[in-house]
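As structure tokens, the structure follows; a few thoughts come after it.
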Amino acid sequence: VAERPRVSEWPVEEIPDDGVLFRLVRKQGHLYPSGQAKPSAFSNAPDGGMSTEWNKYADAQDTKKRAAVLFRKDPDPAHYAVVALRAVDVRALKTQEIRHTPRPSNRSHTDVFGEKDNEIRVKLARIASLVIPPG
Amino acid sequence: MRLVKPHPDERSFRARTPPPGRDVQDDDWTVEDEGENYGELNEAFVGLPEACLPPFHLFSKPSASFPVSRSRHHCHHARSIGEIGPLCERVQELVNRVSAVEAELARLKAGENQTEPVSSPMLMDAGRDTDLIQRLRAELPSEADWDGDGSPGYSAQAIERAVGLFCSLLRLGRRARVAVETPDFGPGPSGSIDLHWMGEAYELLINVPADPDSHPTFYGDNKGDIAIKGALDSDDESNLEELIKWLRGRA
């Protein structure tokens with residue numbers, strides 16, 4: 001869910017441990033019918049980080065609506081869901097670094113850097129909770 | 001009645017009729033008799049495996065000293081007739097034993113092609129499962145930039161490799177008496193394929209890269225502190241044995 005990095009006038013802030021990161025995931029391929037996220041829902045964008053949105057500047061609905069902008073080939077928000085990751089849980093994975101990376105059009109944008117190997121993807125899926133189901 | 005001879009190409013007796021005007025041919029003899037003993041004999045051997053048949057010399061075989069034309073009603077080994085009863089019993093016993101062995105062989109052979117119970121109705125035979133491959137091809141986009149975010153497509157080669165890997169796990173699991181359930185096949189990063197097992201007591205993820213020269217990697221844990229992690233040197237089954245052992249411990 002990468003928006004190409006551009007110079008932003010938004011200040012970069014430190015995200016506290018009690019911060020929550022929302023991530024847009026696809027209904028097909030990223031979610032089990034139970035709503036449990038799959039490891040395939042978590043990977044880095046070509047520019048290196050996994051895109052999320054910080055709950056200080058966005059709520060889960062904002063994240064879901066952004067599907068129409070981010071996924072040009074399938075912009076229907078009904079095909080997407082939103083999962084939440086607590087910053088403290090992500091940081092507990094050690095190899096992952098949370099960095100606020102605001103975009104001109106999206107102050108909440110936050111990247112989770114670090115290699116997304118199998119272990120990390122399994123654990124990210126485990127700590128993720130579904131906040132908005134598809135549809 | 002007609003005493004029949006087993007055809008060399010068949011496993012059972014086959015009644016053969018002599019050419020017109022001849023009762024017997026040198027290599028294809030037929031003896032006819034009206035007696036009940038021969039009738040019983042004939043009936044006893046019909047349909048039996050050739051290996052279970054008694055040697056022919058026990059019966060009336062034509063010879064120069066006793067022309068077949070004269071044996072039409074009298075076997076020159078007349079004493080053999082009296083041995084037919086015990087012989088039939090012996091043959092029947094052999095037939096029963098052979099039938100039991102054949103049934104056991106058929107059961108074992110069927111077992112070789114049978115997989116452990118899986119969560120999907122698709123059972124894997126040797127090699128790849130066509131249905132599964134076709135389903136994954138339909139589900140996973142093959143064209144590049146399918147998401148508008150620059151992601152590569154999922155190649156048929158990667159899909160077949162992932163399914164082949166699963167088939168190998170199934171075979172190894174069956175051999176080791178470990179139930180290997182059908183994983184979730186998902187879209188991994190950069191055109192790779194994820195094979196994900198999520199059981200109550202364990203979780204296992206194998207990632208098959210899009211690059212055929214790159215090794216599949218795996219990670220599994222018991223949702224606690226016991227984990228397994230690494231790369232598969234090749235798709236060779238021997239490299240999967242550790243995974244099977246690990247799965248056995250989780251089951």
Side-chain angles (χ1 to χ4, degrees), chain A residues 1-5 23-51 66-77 79-80 92-95 109 111-112 114-128, chain B residues 119 135-136 138-154 158-159 162 183-200 202-210 214-232 243:
Chain A
V1 194
E3 187 178 331
R4 296 287 175 257
R23 176 158 172 82
L24 198 60
V25 299
R26 297 174 185 280
K27 173 185 177 184
Q28 184 170 4
H30 287 174
L31 278 182
Y32 284 110
S34 64
Q36 168 71 47
K38 300 178 183 180
S40 53
F42 304 95
S43 60
N44 288 333
D47 60 357
M50 181 179 79
S51 288
R66 231 177 293 277
V69 177
L70 296 174
F71 299 113
R72 301 184 301 275
K73 292 193 174 179
D74 183 12
D76 186 352
H79 295 168
Y80 300 89
L93 299 179
K94 306 295 184 188
T95 60
H109 190 269
D111 274 305
V112 179
E115 184 186 2
K116 304 295 185 293
D117 63 9
N118 295 331
E119 178 179 0
I120 293 299
R121 292 195 294 127
V122 164
K123 291 180 174 176
L124 283 170
R126 202 173 285 167
I127 64 176
Chain B
S119 58
R135 178 170 70 81
L136 292 176
E139 288 180 0
L140 299 173
S142 59
E143 70 276 13
D145 196 29
W146 54 274
D147 57 355
D149 197 32
S151 296
Y154 297 91
I159 290 172
D184 175 78
F185 288 84
S190 306
S192 65
I193 310 283
D194 281 342
L195 285 71
H196 186 222
W197 289 262
M198 194 164 65
E200 288 186 6
Y202 76 95
E203 196 166 353
L204 174 65
L205 175 66
I206 299 178
N207 179 256
V208 178
S214 296
H215 299 314
T217 54
F218 62 90
Y219 171 82
D221 65 27
N222 66 343
K223 302 184 179 179
D225 54 358
I226 300 176
I228 185 171
K229 185 176 184 177
L232 302 169
L243 281 180

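The chains referred to below are lettered A, B, ... by the order of the sequence lines, with proteins before strands, and numbering in each begins at 1. The structure presented is a predicted model; accordingly, all values stated were derived computationally and were not measured.
Contact between A/S40 and B/P187 at its shortest, heavy atoms only, is CB-O, 3.0 Å. Contact record, B/L205 with A/P39: CD2-CB, 3.8 Å, taken as the closest heavy-atom pair.
Between B/D221 and A/E119 the shortest side-chain heavy-atom distance does not fall below 4.5 Å.
Neither the backbone nor the side chain of A/N44 comes within less than 4.5 Å of any heavy atom in chain B. At a 4.5 Å heavy-atom cutoff, the contact between A/K123 and chain B is made by side-chain atoms alone.
Atom NZ of B/K223 and atom CZ of A/R126 lie 6.5 Å apart (nearest 0.5 Å). We find the CG-NE2 distance between A/N118 and B/H196 to be 10.0 Å, quoted to the nearest 0.5 Å. Once rounded to the nearest 0.5 Å, the distance linking CG of B/D194 with CZ of A/R121 reads 4.0 Å.
In this structure, B/E139 places its CD atom where more than 12 heavy-atom neighbours from other residues, nucleotides or ligands lie under 6.0 Å away. Counted within 6.0 Å of CD on B/E200, heavy atoms from surrounding residues, nucleotides or ligands total 12 or fewer; the atom is thus considered open.
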